[in-house]
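Remarks on the structure that follows.
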Amino acid sequence: MLAQARGVGKTFRSGTIEATVLKNVWLEVRTGELALLMGPSGSGKTTLLCVLSGLLRPTTGEVDLCGVPISRLPDRTAGEVRRRNVGFVFQTYNLFPALSALDNVAEVLALKGMALDQARSVARSSLVRVGLADRLEHRPGELSGGERQRVAIARALAGDPSLIFGDEPTAALDRQTGLEVVELLKNQVNEGRGVLLVTHDVRLMQFADRVIEIEDGQIVRDEAVRSAAARTQAGAL
Amino acid sequence: MRRIAIRSILFDRGKLIASLLGVALASTLGFVQIGLYEGFVRSSSTVIDHVGGDIWVMPRGLNVIDYSQIVSAGPRSLLLSHPCVADVRGLLYGFSWVQRPSGTRSTAIVVAVEPRPGRRVPWGDIVGDVADLDQPLRVSVDRTDLEKLELPAQALGRNFEINSLKVTVGAVTDGIRSFTLNPYIFTSMTNGRRLLGLSENEVMYYVVDLVDRQCAPDLVRWMKRYPDIQLLDSATWSRATQDYWVGGSGAGSALAFTAILGLFVGGVIVGQTLYSMAKEHLLELATLKALGARPMELAGFVLWQVAFLGAVGVVSGFSLALVLRHQLYRVGLTVVVSTGTVGLSVVATLFMCILASITSLSAVFRVEAAKVLR
């Protein structure tokens, strides 16, 4: 089990105003699968991703991340758990504009304690793996949106994480590029690794092993996408 | 984080130039103002510091060398009778009228001291021969005062009047300036007495060299037979004169205020740059935090940038200050460059940079990792 939410609730408070965004969520993210977390805007998808990754603390319930009860840990320790086990891919890439693609990946590895030479070597391999062998020294401003997202994926993969969280990773990309990016993420799933993507895009279901739907802060559907036909149907949408 | 921080600041040339200019100019101002302050301090007591001696003897109540008064010959013999006294030198130091070649008048300070081996007065680079000052009515003038005295650049052998006596320039000193801007005119004791209208044996100060400095308190007690004189050790006397001119005139405060103002303006420029850099990169920093970067690693983004700006700014500022120092010297202002003044300027500039980084550090420490997912 890579991540597990048990009875998780999350309420935001601002003065006297309270907003309950998650209500009694039970969820598991497993190795060997790409899961999609879908739902309308404001349904609580991103908040759930934050809680599962330890970026936010749940108001009620418990969260385990890679076997560690992360919701009970102080922020610093939760950060260490993410540092070792988690990769992120974001809608807006969040790359350092001054750094080349290679350095955007390598510097994160260096931050994780890897020697720079080794970090650059691993980063190079990671970028080659996502098809950017000829873009290593380009800065984000010199890359297309799809290429930037590939750099972000390479950055997420470089630390060899067990779990990759993605928040609308295709939202800023055109249809074809978006599908290529998710296919790339799908290819990273293996026996020791899982991927959880937050998305609105039903076309991504063709790559999903599981679809989780959330509405008004509650899981309303959590089922495996078993048939290839269903995937094909989704792909045709 | 060092590479990310420095490459990020190098990447944004506009911000880099603005902030480097801010640090460099603030630093230059710091170097120049602190150096000028030190220059003023040293110039106010330059005669005391260069004449040396262990103890200065003067009329009681005197607190600055420039307001000299005549001391009688009596104390000299008593001083010499003390077993700890190695030597007593009389010193003349008095204002006099100068009549320039054009006929206009101004004031100058005539200085003469009885010679002592190893203590050459006047000091420094000298054009001409100091021994010539023993010739009748031969004096030295300073290079920086030539214009004021209406003398040409080649002043040796030229004449002007001091207290209606025609004197001849026998030597030209370089950079011996008074805090009061009155030209220093060095000459022999005999000439000095003539120019100041003193009788033989009259002096303004006695400069005493001791066999052993530990004897100073005993000498002070010894000299109580002359209640109208006071004895001060050289360091105290020098400090009293410095305090009188630099502290009392407000010149020190004015220079310090300008330096602080410069550092403040530089600090605002650097602070704004660092803050906007940090704000621009908050999303990337939040990403690093989400990936597990520790708060101090994130703080490194700001700290490395401020260290870079501080180091490059200080070096640039110092280089610019050296150029300015040369220019200022030509107009007669001394900017002292010493370990102390450079150290103080560097510390002040770096302190300014650190203060300027506080808001950026605060923004970085407060960055929420969850921001990246909102």
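What you see is a predicted model; the values in this text were computed from it and never measured. In what follows, chains are A, B, ... by sequence order, proteins preceding strands, each numbered from 1.
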Which bit of [X] is near chain B, if near means a heavy-atom gap under 4.5 Å: side chain, backbone, both or neither?
X	result
A/D103	side chain
A/P97	both
A/A78	neither

Exercise for the section: Could you have a look at A/L111, A/V198, A/V108 and say which one has the most heavy-atom pairs with chain B under 4.5 angstrom? Expected result: A/L111
Practice task
Supply the atom-to-atom distance B/M1 CE to A/E107 CD, rounded to the nearest 0.5 angstrom.
Solution key: 8.5 Å
Take a 6.0 Å sphere around [atom1] of [X] and say whether it holds more than 12 heavy atoms from other residues, nucleotides or ligands.
X	atom1	result
B/F257	CZ	no
B/W304	CH2	no
A/D216	CG	no
A/E142	CD	yes

Could you go through residues 308-319 of chain B and list every donor-acceptor pair under 3.5 Å that involves a side-chain atom there, pairing it with any protein atom two or more places apart or in another chain?
residue, atom, partner, partner atom, Å
B/S316, OG, B/V312, O, 2.7
B/S319, OG, B/V315, O, 2.8

Handout entry: Heavy-atom side-chain proximity of B/R7 to A/F96 below 4.5 angstrom
Key = no
Handout entry: Any B/R3 side-chain heavy atom under 4.5 Å of A/L116 side chain
Key = yes
Handout entry: Contacts with chain B made by residues 147-157 of chain A (heavy-atom distance under 4.5 Å), listed by residue number
Key = A/R155
Practice task
Identify the heavy atoms of A/A98 and B/S8 that sit nearest to each other, and give their distance.
Solution key: CB-CA, 3.6 Å
